[in-house]
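Chain letters run A, B, ... following the sequence lines, proteins first, then strands; residues in each count from 1.
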There are 2 protein chains.
Amino acid sequence: MTGVLVVDDDPHLLRILKLALETSGYAVTTAVDGRSALLAATQNPLALVILDLGLPDIDGVTVIKELREWSRVPVLVLSARHTSEDKVEALDAGADDYLTKPFGPDELLARLRALLRRSADLQAPEPVVVTENFTVDLAKHRVSREGADVRLTPIEWKILEILVRNPEKLITHRQLLTDVWGPAYAKDSNYLRVFMAQLRRKLEPDTGNPRHLLTEAGIGYRFQP
Amino acid sequence: MTGVLVVDDDPHLLRILKLALETSGYAVTTAVDGRSALLAATQNPLALVILDLGLPDIDGVTVIKELREWSRVPVLVLSARHTSEDKVEALDAGADDYLTKPFGPDELLARLRALLRRSADLQAPEPVVVTENFTVDLAKHRVSREGADVRLTPIEWKILEILVRNPEKLITHRQLLTDVWGPAYAKDSNYLRVFMAQLRRKLEPDTGNPRHLLTEAGIGYRFQP
DNA sequence: CGCGCGCATTAAATCCGCGTTAAGATTCAC
DNA sequence: GTGAATCTTAACGCGGATTTAATGCGCGCG
């Protein structure tokens with residue numbers, strides 16, 4: 001089943017969209033503001049995001065940019081604003097399509113199909129990441145080591161997921177902190193140290209010499225498959 | 001250079017589009033009907049097709065379908081028809097985007113960038129700077145020399161990043177100091193000497209005769225790829 | 001020729017971030 | 001309400017990164 005995240009602050013429109021999408025066979029999760037949208041995006045396996053730009057808490061373009069820091073999921077923008085500047089800004093921030101209200105449900109669904117068709121090309125048919133010591137199944141929210149399941153707490157999972165979704169890429173303290181605890185905690189990296197230690201204790205054979213969850217002193221962490 | 005095929009039966013609009021695209025740095029080929037469009041698509045290496053639906057010989061949707069028989073090149077449709085049915089038909093035939101006339105050139109270019117960005121993911125996502133002695137991967141925050149990773153400290157990385165992001169450009173002491181240490185340190189260039197020495201020791205084969213990290217006496221430093 | 005200036009290089013001293021642990025605080029299930 | 005799991009907070013030692021200082025080199029200039 002294809003997972004779609006719909007973000008809109010209008011509960012009415014949200015209901016309609018959810019219904020229409022579910023009727024067409026998509027698995028829909030919803031969010032009503034930017035913060036919870038970004039949260040939901042880390043916690044669900046998504047094939048596409050439908051994003052209304054007019055959100056109560058964060059500017060929609062900012063949501064796109066933050067999402068693009070670590071995800072390439074296709075983003076279809078809805079907006080009441082129809083000037084060229086608005087469209088250019090959203091598209092250049094990382095959106096894939098821009099649909100102005102009011103719009104017909106048929107067109108929305110067709111554009112959605114077009115985006116999914118295009119991104120199906122690069123959908124790595126492997127939501128499972130394997131290392132010689134442990135395996136991570138993004139879709140199933142599961143981690144196992146030597147055949148046995150490893151129990152991860154929510155925060156541990158979230159950190160691991162962000163790192164694993166960006167193999168070999170250096171993820172900064174700032175990004176991890178804001179994605180897990182919110183922007184208010186962007187400075188305090190003590191949390192990270194504690195939880196990275198936990199993760200390594202659970203996943204690394206030798207916590208003193210980590211082979212997959214690497215520290216980049218002063219900057220962040222990196223996952224090495 | 002990115003190749004774009006523009007198909008439109010209106011010579012005036014065709015000229016305008018060609019000019020706008022070439023100004024933006026694309027290599028443009030043109031066609032005025034469906035038959036020659038399909039022919040041109042077989043003969044040129046294309047990154048994208050801009051297709052007007054109102055063609056004299058073949059129906060535009062048919063053109064898309066025929067093209068899709070053998071090519072997955074992104075197709076951006078232009079059309080004067082703005083009903084849902086038209087859009088759905090074109091998108092489901094294989095188009096990636098549908099823009100109704102009249103449209104602003106800015107929006108067209110933004111949508112085109114969005115499509116190219118998406119399809120670029122499929123090919124080679126390598127924002128890497130290479131010299132004959134070392135390579136710098138900005139996205140992954142990685143530097144390697146002769147295949148082996150080079151460990152850089154945060155400050156070393158920051159300096160290198162600034163230089164590498166501006167190849168051949170002269171960066172002043174002042175700019176490097178303020179970007180790395182903050183405006184308060186804008187005067188003291190001793191820091192820079194120490195760290196440039198470190199960088200050269202790690203990256204240059206002959207630190208006495210640097211080939212890539214050059215000193216511009218009295219002014220600043222320069223990166224030469 | 002001697003002097004001063006800016007740069008490169010090195011080594012020592014200082015400082016800070018990291019990993020680690022463990023003790024409260026909080027949340028959640030029942 | 002109780003207990004277990006999880007999160008927060010604080011403290012400490014270590015190693016590496018940054019800072020600081022000292023030295024040598026090349027060049028222009030008096």
Inset, instruction - Could you point out which residue of B:Leu112, B:Val49, B:Leu48, B:Asp97 forms a side-chain contact (heavy atoms from CB on, under 4.5 Å) with B:Pro74? - result: B:Leu48
Inset, instruction - Would you please confirm or rule out a distance under 4.0 Å between OP1 or OP2 of D:dA5 and any side-chain N or O of A:Thr153? - result: no
Inset, instruction - Please determine if B:Asp149 and A:Arg222 form a salt bridge, counting it only when a charged side-chain N lies under 4.0 Å from a carboxylate O. - result: no
Legend entry - Presence of B:Tyr221 side-chain N/O under 4.0 Å of C:dA8 phosphate oxygens OP1/OP2: yes
Inset, instruction - Provide, to the nearest angstrom, the distance between the OH atom belonging to A:Tyr191 and the C1' atom belonging to D:dT9. - result: 8 Å
Inset, instruction - Can you label the angle between the B:Tyr191 ring and the B:Trp181 ring as parallel, tilted or perpendicular, going by 30° and 60°? - result: tilted
Inset, instruction - Respond yes when some side-chain nitrogen or oxygen of B:Arg201 is under 4.0 Å from OP1 or OP2 of C:dT10, and no when none is. - result: yes
Legend entry - Nearest-nucleotide pick for B:Val194, side chain only, options being D:dC7, C:dG19, C:dT10: C:dT10
Inset, instruction - Note down the inter-axis angle between the two ends of the helix from C:dC1-D:dG30 to C:dC30-D:dG1, five pairs each, to the nearest 10°. - result: 30°
Legend entry - For atom CG of A:Leu213 and atom P of C:dG19, their distance in whole Å: 11 Å
Inset, instruction - Kindly say whether A:Gly34 contributes a backbone atom to a donor-acceptor pair with the side chain of A:Asp57 at under 3.5 angstrom? - result: yes
Legend entry - Length of the line joining A:Leu192:CG and D:dC7:C1', which is rounded to integer Å: 14 Å
Inset, instruction - Taking only the side-chain nitrogens and oxygens of B:Arg193, find out if one of them lies under 4.0 Å from OP1 or OP2 of C:dG6. - result: no
Legend entry - Closest to the A:Arg200 side chain, choosing from C:dT9, C:dG19, C:dA8: C:dG19
Legend entry - Whole angstrom value for the distance that separates P of C:dC16 from CH2 of B:Trp181: 16 Å
Inset, instruction - Would you kindly give the CD1-to-P distance between B:Ile159 and D:dA17, to the nearest whole Å? - result: 14 Å
Inset, instruction - Round to the nearest Å and state the distance from B:Phe195 atom CZ to D:dA17 atom P. - result: 10 Å
Inset, instruction - List the steps, then state whether side chain to side chain contact (heavy atoms under 4.5 Å, CB included) holds for B:Leu138 with B:Arg165. - result: CA-CA 9 Å; B:Leu138 277 321; B:Arg165 280 194 196 278; 4.1 Å; yes
Legend entry - Side chain B:Glu204, main chain B:His212, donor-acceptor under 3.5 Å: yes
Inset, instruction - Taking only the side-chain heavy atoms of B:Thr215 (C-beta and beyond), determine which of C:dT10, D:dT9, C:dC7 contains the nearest atom. - result: C:dC7
Legend entry - A:Arg151 side-chain N/O to D:dT6 phosphate OP1/OP2 under 4.0 Å: yes
Legend entry - Spacing of B:Asn190 atom CG relative to D:dT23 atom C1', expressed in whole Å: 12 Å
Legend entry - Distance test, side-chain N/O of A:Thr207 to OP1/OP2 of C:dT20, below 4.0 Å: yes
Inset, instruction - Using whole Å, report how far CD of B:Glu204 lies from C1' of C:dT9. - result: 15 Å
Legend entry - side-chain N/O A:His173 vs C:dG17 OP1/OP2, d < 4.0 Å: no
Legend entry - Sidechain N-carboxylate O distance under 4.0 Å for B:Arg151, B:Glu156: no
Inset, instruction - Give the intermediate values and the outcome of salt bridge (Lys or Arg N to Asp or Glu O under 4.0 Å) for residues B:Arg200 and B:Asp206. - result: CA-CA 8 Å; B:Arg200 291 208 254 243; B:Asp206 177 6; over 6 Å; no
Inset, instruction - With heavy atoms under 4.0 Å as the rule, sort A:Tyr185 into base, sugar-phosphate or nothing. - result: nothing
